[in-house]
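What follows is a single structure, written as structure tokens, with notes after it.
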Amino acid sequence: MIILKLKSCLLLIAVLILQQSASAETLDYKIQNGDLLQISLPGEETLQTPFQVDRQGRIILPEVGALQVGGLSIKEITSLVSSKLDKLFLDLDNLNIYLLKKQLIINVRGYVIQPGEFTLQSDASIQLAIYAAGGLRSGAQLDRIQLIRGQNTTVFNYKQYLDSGDRTLLPELKSMDALFIPASPMTGNVEVEFNPADMANAGDSANNSDAIKVFGEVNRPGSFAYRESMDIVDLLMGSGGVTRYAGVEQIRVITQGRPALFNLRKYLDTGDQQHLPKITAGATIFVPKQQEEIKSGAHMVYVMGEVAKPGAYESKNGATFMDILANAGGPTRFAESRQIRIIKADTSIVAFDLSAYTEGGRGSKPPAISPGDAIFVPEKTDMNEKSWLKVTPNRAVRVLGAVVRPGRIEWSDEMSLLDLLAHVGGPTPRADTNNIEIVIPQNNGGSKVYNFDLNAFLKQGQSDQDLPVIKAGSTIMIQELPQDPSNNKSQWVRQSSEKSIYIFGQVGAPGRYMFSNEMNFLDILAAADGPTDQADLRNIRINHRDDMQKGVSKLDLALYFETGDDHLLPVVKTGDTIYIPEKNRIWLDQSKESTVRVLGAVNKPGRYRFDDTMTLLDLLAEAGGTVEDAHIENITVVNLSCCKDQARSFDLGEFSRSAAFADLPVLRAGDTVYIPYRSQSTYEKIRNGLTDVIQVVALGALIGLL
């Protein structure tokens with residue numbers, strides 16, 4: 001009993017001390033959820049335990065129940081408690097209620113170790129609330145923490161507070177506030193264990209539109225929260241720095257949709273801040289590999305094409321062509337080592353034949369290499385799959401026409417025309433090897449055409465020095481022989497007139513024929529199936545168009561067949577024209593100087609071709625002989641060839657009795673022979689007149705007798 005009274009006294013003394021120390025501010029303070037209240041009533045042990053205001057703003061009194069005290073002052077709470085305890089206690093004069101401790105109820109959610117509701121002291125900060133929840137988990141996003149107060153949400157940058165220590169960056173806490181700590185987007189959608197050290201200074205941005213992305217050849221790529229004070233060097237350091245393969249001279253920066261290049265080496269060499277690009281929210285930084293950037297410089301030599309390791313190599317003093325080619329791994333098995341090109345820095349081009357050099361030093365020595373030069377080793381031409389792009393026109397020869405495999409052939413000056421023809425499979429059986437056309441380009445930009453007779457070259461056994469000189473860029477055309485000149489005239493366009501001979505008139509197959517100078521007149525006549533039965537063999541005409549023998553010559557083919565004299569045959573060459581006329585052709589085809597006219601009493605009067613071997617008898621026989629009424633004793637011969645306007649008479653009857661050939665008149669081409677009718681002679685007219693007189697006299701005498 002004595003002990004209880006002592007405790008009550010001590011409690012009363014403590015209450016008095018607390019009441020005296022309480023300020024006017026405490027008396028006017030409105031109780032909040034989480035505050036701790038102390039109720040003092042001497043002699044009542046059940047009220048000695050402090051009472052905490054819960055989330056609903058209530059305290060639970062023994063034998064009374066829940067009382068709503070949130071938002072009330074100490075005075076108002078004292079009055080409320082007194083009214084409730086007045087029914088249970090008789091003496092409430094010593095009842096005292098005071099604020100024992102101000103506290104906050106804070107709800108911590110999200111990416112923390114122990115989320116939940118915590119009671120904190122009244123001056124607790126955001127950091128203490130996070131500490132009460134066990135701290136942040138690895139992967140929490142510090143720049144997007146949310147403070148939820150009723151229906152309002154405030155987002156603040158906790159990382160910026162940790163960097164600067166400025167408490168003004170953090171909002172003040174009030175009781176019943178809630179903190180939400182989001183997870184960084186870099187943690188992914190699946191919960192996995194990871195090392196936070198890998199995300200140092202990275203992966204702390206949840207706002208993709210403002211985040212700065214750093215990737216490429218850096219040790220720790222990531223997405224960084226934007227700060228106005230940061231520059232590209234800060235971001236590279238936050239990414240763990242660049243790797244040993246980074247191309248620091250070609251760093252790409254995209255800010256506000258505008259790309260730019262940043263040369264980190266130049267900045268480190270000069271220290272000029274002007275070289276640093278401006279970094280804005282949402283920027284992108286890419287550090288490429290060193291192999292991907294273009295190497296250039298005053299000491300670089302470039303090796304391209306079919307080598308094992310093409311690229312740019314730094315040249316040193318004394319480095320030769322073979323040194324640089326060996327550093328590039330040497331030519332591959334697909335390399336065309338005969339066509340290596342060195343592109344000099346002054347844009348001139350030097351050709352080098354590596355194969356010829358390695359076969360014994362033939363050709364030029366390896367060219368000197370200077371900084372800035374480029375060595376190009378082309379690809380070897382694939383014969384199975386040809387590509388014109390692999391062989392340039394200035395080192396190819398075109399073979400067209402009647403060959404087995406026409407096309408573009410890579411050319412070397414060591415080759416000859418025969419090598420080229422053998423490479424394309426040779427001429428076809430229908431090829432005209434007598435007139436191979438070769439078009440060779442000239443230095444002045446033009447070209448020159450040569451004709452080559454391959455048959456004559458092979459038959460005469462000439463040496464390779466007699467072959468035409470071929471060089472790269474030439475064109476070789478081998479024409480095809482026409483199949484049939486008589487009914488395949490569409491093929492004539494493939495045969496030039498300079499290589500043809502023309503034959504017209506009375507032959508079996510007139511037309512245009514391929515002809516060579518080794519052939520003669522009878523060859524072309526036989527090719528045209530020979531003369532027809534209507535051909536006038538004695539008056540064949542040949543029109544010569546050769547410069548050495550221009551003009552028209554005549555041929556008596558019948559005389560050749562009679563004598564066999566080869567000298568009578570004319571020399572014909574390509575381009576000439578042969579005409580064989582018809583025997584019974586119209587008069588307009590025969591000139592008067594080349595014929596003899598036979599008129600009068602003959603069976604077939606007309607114009608007849610005549611030569612010096614013929615006589616008047618031959619001419620009369622050709623005209624079918626005289627008719628029955630012919631006055632053969634008075635045949636008239638008018639000579640116009642030797643003696644103009646001279647006429648002679650000939651008695652054919654007397655010649656038939658004497659057979660004196662010396663009496664036959666001499667005829668020449670152009671003369672006229674006239675055989676009169678007997679009834680038209682003067683003697684016959686007189687005889688007919690006397691007969692008429694006698695008949696009249698006799699008739700008169702008879703009439704007188706009667």
Side-chain angles (χ1 to χ4, degrees), residues 302-308 310 321-322 325 328-344 347-367 373-428 431 433 436-443 445-450 452 454 457 464-479:
Y302 309 95
V303 184
M304 302 173 288
E306 288 299 323
V307 292
F321 171 84
M322 302 302 291
L325 192 62
T332 65
R333 63 189 183 95
F334 303 105
E336 179 54 84
S337 56
R338 289 186 176 273
Q339 301 290 338
I340 296 178
R341 297 289 185 269
I342 293 87
I343 305 173
K344 307 295 288 183
T347 69
S348 62
I349 299 176
V350 179
F352 176 59
D353 189 343
L354 181 61
S355 297
Y357 175 74
T358 56
E359 288 173 0
R362 294 185 296 110
S364 60
K365 295 182 179 180
D373 293 351
I375 301 173
F376 176 65
V377 183
E379 183 182 2
K380 186 183 299 182
T381 304
D382 189 357
M383 297 304 299
N384 296 325
E385 297 181 2
K386 298 179 181 178
S387 175
W388 288 9
L389 299 178
K390 295 181 180 180
V391 181
T392 57
N394 61 352
R395 60 187 185 94
V397 172
R398 295 171 287 270
V399 183
L400 311 176
V403 293
V404 177
R405 294 185 301 272
R408 293 172 76 251
I409 309 300
E410 189 173 7
W411 177 259
S412 174
D413 293 336
E414 302 173 357
M415 301 170 61
S416 65
L417 177 62
L418 297 181
D419 297 327
L420 187 63
L421 294 178
H423 187 70
V424 297
T428 63
T433 53
I436 298 178
E437 298 177 357
I438 303 172
V439 181
I440 300 178
Q442 303 296 313
N443 296 330
S447 59
K448 190 173 182 180
V449 180
Y450 298 90
F452 176 65
L454 180 61
F457 175 83
D464 290 351
Q465 296 179 354
D466 298 326
L467 292 171
V469 178
I470 308 295
K471 63 180 182 179
S474 301
T475 301
I476 298 174
M477 180 66 186
I478 302 179
Q479 299 287 352

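- Closest of all the heavy-atom pairs between R405 and A422 is NH2-O, 4.4 Å.
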Please test L418 against F457 for side chain to side chain contact (heavy atoms under 4.5 Å, CB included), starting from the C-alpha separation and ending with a verdict. CA-CA 11 Å; L418 297 181; F457 175 83; 3.9 Å; yes
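- Judged as a ring-ring contact (aromatic ring centres under 6.0 Å, His included), and not counting sequence neighbours, F376 has no contacts.
- Closest heavy-atom contact between P441 and A472: CG-O, 4.0 Å.
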Check step by step if side chain to side chain contact (heavy atoms under 4.5 Å, CB included) holds for M415 and I470. CA-CA 8 Å; M415 301 170 61; I470 308 295; over 6 Å; no
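- By the side chain to side chain donor-acceptor pair (under 3.5 Å) test, K471 is found to be paired with no residue, residues two or more places apart in sequence or in another chain being considered.
- Looking at residues two or more places apart in sequence or on another chain, you find a side chain to side chain donor-acceptor pair (under 3.5 Å) between S416 and D419.
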Decide yes or no on side chain to side chain contact (heavy atoms under 4.5 Å, CB included) for L420 and W411, but give the supporting numbers first. CA-CA 8 Å; L420 187 63; W411 177 259; 4.1 Å; yes
side-chain hydrogen bond (donor to acceptor under 3.5 Å, both in side chains), that's the test. Do R398 and T475 meet it? Break it down for me. CA-CA 5 Å; R398 295 171 287 270; T475 301; 3.0 Å; yes
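- Among all heavy-atom pairs drawn from V307 and A328, the shortest one is CB-O, 3.9 Å.
- Contact annotation: the side chain of I478 approaches that of L421 to within less than 4.5 Å [non-hydrogen atoms, C-beta and beyond].
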Should I375 and D373 be marked as a side chain to side chain contact (heavy atoms under 4.5 Å, CB included) after you check the CA-CA gap, both sets of side-chain angles, and the distance that decides it? CA-CA 7 Å; I375 301 173; D373 293 351; 5.8 Å; no
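- Considering all non-hydrogen atoms of both residues, G473 and V397 come closest at N-CG2, 4.4 Å.
- Classified by interplanar angle (parallel below 30°, tilted 30° to 60°, perpendicular above 60°), the ring pair F352/F321 is perpendicular.
- The two residues L417 and P468 come nearest to each other via the heavy atoms CD2-CG, 3.9 Å.
- Residues forming a side-chain contact (heavy atoms from CB on, under 4.5 Å) with V469 (at least two apart in sequence, or on another chain): none.
- Between D353 and A356, the closest heavy-atom pair is OD1-N, 3.1 Å.
- With hydrogens and angles ignored, the 3.5 Å screen pairs a side-chain donor or acceptor of R341 with a backbone N or O of Q339.
- Under the side chain to side chain donor-acceptor pair (under 3.5 Å) criterion, T332 pairs with E306, not counting sequence neighbours.
- With sequence neighbours excluded, the residues satisfying side-chain contact (heavy atoms from CB on, under 4.5 Å) with T433 are P427, A431, L454, N455.
- Counted within 6.0 Å of CD on Q442, heavy atoms from surrounding residues, nucleotides or ligands total more than 12; the atom is thus considered enclosed.
- Two residues are said to be in side-chain contact when any heavy atoms from C-beta on lie closer than 4.5 Å; S474 and I440 meet this criterion.
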